[in-house]
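Chain A is the first sequence line, chain B the second, and so forth, proteins listed ahead of strands; every chain is numbered from 1.
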Amino acid sequence: MEVQTIEKRGKSVDEAIKAALDELNCEIDDVVIEVIEEPTKGLLGLVKKPAVIKVSRREKPEEDVRRMLEDLLNKMKLEYRINNVEWDEGKVRINITGKDMGLLIGRKGETLNAVQFILGLIVNRNREEKVRVVLDVEDYRKKREESLEALALRLSDKVKKTRRNVVMRPMSSQERRVVHTILQGDPQITTYSLGDEPNRKVVISLKK
Amino acid sequence: MKDLVEFIARSLVDDPDAVDVTEIEGERSIILELRVAPDDMGKVIGKQGKIAKAIRTITKATAAKEGKRVVVEILK
């Protein structure tokens, strides 16, 4: 992991920290501080020896994920551009555009899912707090999510009308999560999953 | 192609120095033989071969750009 570290001196530890933060242009929460030497005062309150500290900038998770994604996509020799990187409570969402996006998505999003899965593994390998990585290409995933939400709502209406369970087609855990989440707020409906991967299906049913 | 598999494998295992990829290139297909430390086998195969499958999917997409077929074999 690339970490930026600088050494700073100052009349006091506080002063050295302030100078280091100015130089790194970051907040105190973004850095790890190590005091190497406390200042010592000589006669008449003059500083004899300055404080010496070492300040390292902690890499933000989203920067880390971005760098690893770039490494991976470069090795895949794709032409791409990273549009935006969003960080939201343990989740990194990255949107990519470019010429080779058909290739990156693959059949039914197969390649995109594989890249996302591998990236998630690499990113979380040495991380204590796990990060969820979501890759999107030209809002492909967002659009799919929206159409899946619409489908889930339609099916839940059907369940209410017919009073019979509906079993959806086998879906990935991500897709199942979308269905569970959108129907969570419906007081008449409950959802659960049945079967084993990769044939696990969501069942939409009436709450008893 | 070799670079790609090597990069992914090295990023996943505990012993990156033991990762070795041999590329055998034919006219229309490429065979990549991946070897890792015995303790790291699970790290490149995964539950029900999930990781191995993802590695194969990614290499296939990359090879498709060059109009080639690619086979990734994980060897003991």
Find the distance between NZ (A:Lys75) and CD1 (B:Ile8) and round it off to the nearest 0.5 Å.
10.0 Å
Chain B: which of A:Asn74, A:Leu104, A:Leu121, A:Leu112 shares the most heavy-atom pairs with it under 4.5 Å?
A:Leu121
Taking everything shown except A:Arg93 itself, do over 12 heavy atoms lie less than 6.0 Å from its CZ?
yes
Mark yes when over 12 heavy atoms from residues, nucleotides or ligands other than A:Lys160 sit less than 6.0 Å from its NZ; otherwise mark no.
yes
One thing to verify: whether A:Lys77 and B:Asp3 come together as a salt bridge, which I'm taking to mean a side-chain N less than 4.0 angstrom from a carboxylate O.
no
What's the spacing between B:Thr57 OG1 and A:Asn113 CG if we round to 0.5 Å?
9.5 Å
Rounded to the nearest 0.5 Å, how far apart are NZ of B:Lys65 and CG of A:Leu78?
6.0 Å
Looking only at non-hydrogen atoms, find the nearest pair between A:Met76 and B:Ala61 and report the distance.
CE-CB, 4.5 Å
Quick check for you: to the nearest 0.5 Å, what is the distance between A:Ile118 atom CD1 and B:Ile51 atom CD1?
6.5 Å
Is the number of heavy atoms from other residues, nucleotides or ligands under 6.0 Å of A:Lys207 NZ greater than 12?
yes
Heavy-atom side-chain proximity of A:Arg125 to B:Asp14 below 4.5 angstrom
yes
Show your reasoning for whether side chain to side chain contact (heavy atoms under 4.5 Å, CB included) applies to B:Gln48 and A:Asp196.
CA-CA 12 Å; B:Gln48 293 162 339; A:Asp196 291 319; over 6 Å; no
Using a cut-off of 6.0 Å, state whether more than 12 heavy atoms not belonging to A:Arg177 lie near its atom CZ.
no
Answer with side chain, backbone, both or neither: which region of B:Val44 has an atom nearer than 4.5 Å to a non-hydrogen atom of chain A?
neither
For B:Ala54 against A:Ala114, the heavy-atom pair lying closest together:
O-CB, 3.7 Å
From NZ (B:Lys50) to CD (A:Glu197), nearest 0.5 Å
6.5 Å
For B:Leu4 and A:Leu72: C-alpha separation, side-chain torsions, deciding distance, then whether side chain to side chain contact (heavy atoms under 4.5 Å, CB included) applies.
CA-CA 7 Å; B:Leu4 174 68; A:Leu72 189 56; 4.1 Å; yes
Output the distance between atom CG (A:Asp71) and atom CZ (B:Phe7), rounded to the nearest 0.5 Å.
4.5 Å
